[in-house]
Structure formats: structure tokens, C-alpha cells
Q: 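Handing you this structure, nothing more for now.
All chains are named by letter (A, B, ...) in the order of the sequence lines, taking the proteins before the strands, and each is independently numbered beginning at 1. Only a predicted model underlies this, so the values are computations on that prediction, with no experimental measurement involved.
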There are 2 protein chains.
Amino acid sequence: MFTKVLIAEDHEMTSISVTKTMRDLGISETEYTYYCDDALMLIKKAIAKGQPFDLLITDLSFEEDHRKQRISGGTELIALAKTLQADLKVLVFSAENKPALVDGLFKDLGIDGYVRKARHDAKDLRAAMETIFLGKTYLSADLKQSVKEKNTFEFTSFDITIISLLSGGTLQKNIPDYLQANHIKPSGLSSVEKRLNVMKEVLGFSKNEQLVAYCKDFGII
Amino acid sequence: MFTKVLIAEDHEMTSISVTKTMRDLGISETEYTYYCDDALMLIKKAIAKGQPFDLLITDLSFEEDHRKQRISGGTELIALAKTLQADLKVLVFSAENKPALVDGLFKDLGIDGYVRKARHDAKDLRAAMETIFLGKTYLSADLKQSVKEKNTFEFTSFDITIISLLSGGTLQKNIPDYLQANHIKPSGLSSVEKRLNVMKEVLGFSKNEQLVAYCKDFGII
DNA sequence: TTCATTCTTACGGTTTCCCGTAAGGAAAGG
DNA sequence: CCTTTCCTTACGGGAAACCGTAAGAATGAA
């Protein structure tokens, strides 16, 4: 099993339980922190001492408080940690239930496991630790389902830009201005309209409001 | 301190920590359950045995799984529990961060405390237990703030109906048909338009897409 | 009852959105 | 070099949404 684990989790309650789980698994060196900035610092120090962490367990969303943080959340923390220590195993422990988001974590950040805070999360966490230790990746059972049955449609960054602008209040007819200002091509109004039509047709929608609701539900925007 | 406490919480991890907190507080008789139906049954049994619970600590949202439940969530559980045992103290322990909702719990259900799952929730929970035991009510510090600084618009059920229809793909001009069919008044198109305008103005929005995104973000729809 | 206030609805003009068609442009292949 | 194809863009008619106005209905008070 892993010997040196770092836990980044802002909820005191959750942190207590995770720590207990580590103890149950016989992991002696467990450090934990409530802030992303501290987590990165601990990773740095551990590397400097020649005793890097084997595993990082982190939440995704960290709440703001009086202590101003440079790192905004788990996603950014993982990216930065990987630049310092490419072989660091990462296990995300979060309540997020958005397949698209979790997919992105595996694909873009190369995380090793995702356990959702849910009914059987303690068992899940233990199983994840064991699976990851064997060099495999782990995904909570409940999330596997939804990833499988997820929609085939792939949103391009262009799509996401359009929908973000709409949900931000930009008039459809003004979107070309924004696209040109940011050197995004294509930038014609017809191209925007066409892309919106494609998305709506694939997903069986008729209105932009539906698209926005859908993207919010699946964490696309 | 309380002697007999019931915990209703579906997340294994959280349940572990809450149980530990109870032990730290020296509460010997702690029962816990993962389902609302079970919780109500335990309350019933305890009353029947002449040894009712002093305190119920419950989450609000319980996830569905293979076990079908009659009681849908914490709110309903509390209401039913109070009919069985009016003097039962209730402490809600949830991640919900909506002042309006929490307000309603205190006012309509007469709960005694609300602790939000957040950074210092373990400390909060302990403080809440002590405060409630003294016969006072408890509200997490962080929520007190947001209650004060709340600029949250109060969505009526009419508002929510409209936005739900829009995000479901209904054409704005067809909404009156739905309203009439369901005997919702007012039902005129102008009333729908007016209401949408009010919402958008209050929140500083200009487009329906923004409203949908906002309502999704805050769990209103 | 009568009057006043408020809420609801109906109507028209303007803007935006929707959708089909066709023209312009770039890349690939012959 | 030209042609084909695909992508992008421009344009225009019609539908929907937006917005102000005014008429009509409901509520409450004198």
C-alpha cells in the first residue's frame, strides 16, 4: 500500500473520516491540509527533502474564506502538482456528479481515480486506494454508469464559447463581434446559428434555454 | 448533554465523522441510519419503548438507490418525526447554502439548529449540540453572514414554473396554454412576459438564457 | 354601491431570432 | 491550372420575443 499520502480537503468532517480511513489502511505518513496553496507547498517540501508523496487525495471545490489563496481549486492544484512531480498519483474525492467534468479530469489531467462523495464513499475510497496502488485507474460504480450512458455529442470549445456567451447575456447577433475581437474563427453569425442548430438537433432540443440547462447539468459550462 | 441521539445521513464518510463527534461529546446512545424510512421507524420504536430520542441529526438530501423509500428527504422526515414526538430536538446537517431554504426550516418546521457542511463543520456541530442542549437555536456562522448579505431574489412557484417550461423547450408564447391547462393563474402571455422582466431586472440580466443558467447554479430548477 | 387601486390581459410596433438560399473563399486532388 | 468539395459568410422573409400602452377584471375601502 501507499506509504506517504497528502490529503487536501477543506471540510473538517470529511477530513476526519479520510484520515481515519488512511489509518485503517495502515498508512502511517498522512498529512492533511485545508488549503490548496498549503498542499502545493507540502508537495514541494516533500520533493526537496527527497521524500515525495505517493498519492494526493483532493477535493475539487474549496470554499473561500479569510485566507486568500492563489490556487482556486482542486483542478488547478492537480495541474500544478503534476508539473512538480509527474509520477504523483492523484485521487479526486468530490461530490461532483458530472460525467463530462470527470472525463476531463482523467483525460486532461491524467488523474488515477475518482470517488464521488455519496452513499458508500468510505468503501469506495478504500477500493480506490487499492486499485490505484496496483497501477490501475478507479471510478466510482455509480459514475461508471452515467459515463457509459453519456451522450455521444462532443462539445467543441467553439460550442462552449457560444453557449457561455449566451448564458452570460450576450445577444446572439452580437456574438460575431466577440469572436472577431478574440480572433476566433469562424466568426460569422451564420456559423454561430448553424452550430447552435447542430447542437440542438443532436440533443433533440428546440430552444437555447434547453441547451443552457443541459450544459449546466453536465458541467459543460 | 444529550444522552440519546439519532443520526440520519446517507454518506458513509460523514456518518463516520458524526459518530466520532458524538463519542467525543460523551454521548453513549447513538444510533445511526442511512435511510429516512429507517430513521422514522427507529423514532417510533424508541417512543414505544418509553425511551425516545433527545435529538435527531439529519441531512436534507438523500440519494436514491435500490431500496425504495417512502420518505423522500430530510424535510419530510423532520415533519413526520415532529408529529410523532413534538418535543424532539432537530439539528439539520446539510451542505445546502440557501438562506431562504434554511429560513423555512426554522420557521415552518421549527428546527433547533442548522450546521452547514463546510470548512469548520466539526467544530460547528459540536457548538450546535451544546447550544441546542441549552434550549437555544443554532445557525452556522457562515450562514448568518449570507442571510444578512443576501440579495437573493425570492422565486415564486409561478416563476419556477415559467423557467422550467422554458428550459424544457416550451415556446414562450405557448406557456399560457400550459398555465390554463393546469389552472394556474395568471395565465396571460403578458403576465409571463412581465414576470420574466421582473426577474431579469432584479438579477441584472437581459436574456432568458441567463436566468436558466442562474437557476441551475443555485438549484432552483 | 361607488370609487380607487392593483392585477391581468390584449394589442401593435420594433427588435431579435430562426431558417433557407446563394454567393464567396480556402484546401485538396487531378 | 482548374475543378470539386467543404466551409464560411451574407442576405431576406417569416416567426418569436420584447416593450410600451391601454383596456378590462378583481379586490378592497369608503
Q: Do B:N208 and B:K200 pair up side chain to side chain, a donor and an acceptor below 3.5 Å, judged on atom types alone?
A: yes
Q: Atom CZ of B:R195 and atom C1' of D:dC18: how far apart are they, to the nearest Å?
A: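 That distance rounds to 18 Å.
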Q: Please say whether the positively charged group of B:K117, taken as NZ for Lys or CZ for Arg, lies over the ring of B:F93, i.e. under 6.0 angstrom from the six-membered ring centre and within 45 degrees of the axis.
A: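 Yes, cation above the ring, under 6.0 Å and within 45°.
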Q: For each nucleotide in nucleotides 5-21 of chain C, reading 5' to 3', give B when a protein heavy atom comes within less than 4.0 Å of its base, S when such contact involves only the sugar-phosphate, and - otherwise.
A: ---SBBB----SSBB--
Q: Taking the six-membered ring of B:Y35, is the NZ or CZ of B:R67 close enough (under 6.0 Å from the centre) and on axis enough (within 45°)?
A: yes
Q: Identify whether NZ of Lys or CZ of Arg in A:R119 sits under 6.0 Å from the centre of the six-membered ring of B:F62 and within 45° of that ring's axis.
A: no
Q: I'd like to check the side chain to side chain contact (heavy atoms under 4.5 Å, CB included) partners of A:P52; sequence neighbours left out, ordered by chain and number.
A: A:I47, A:Q85
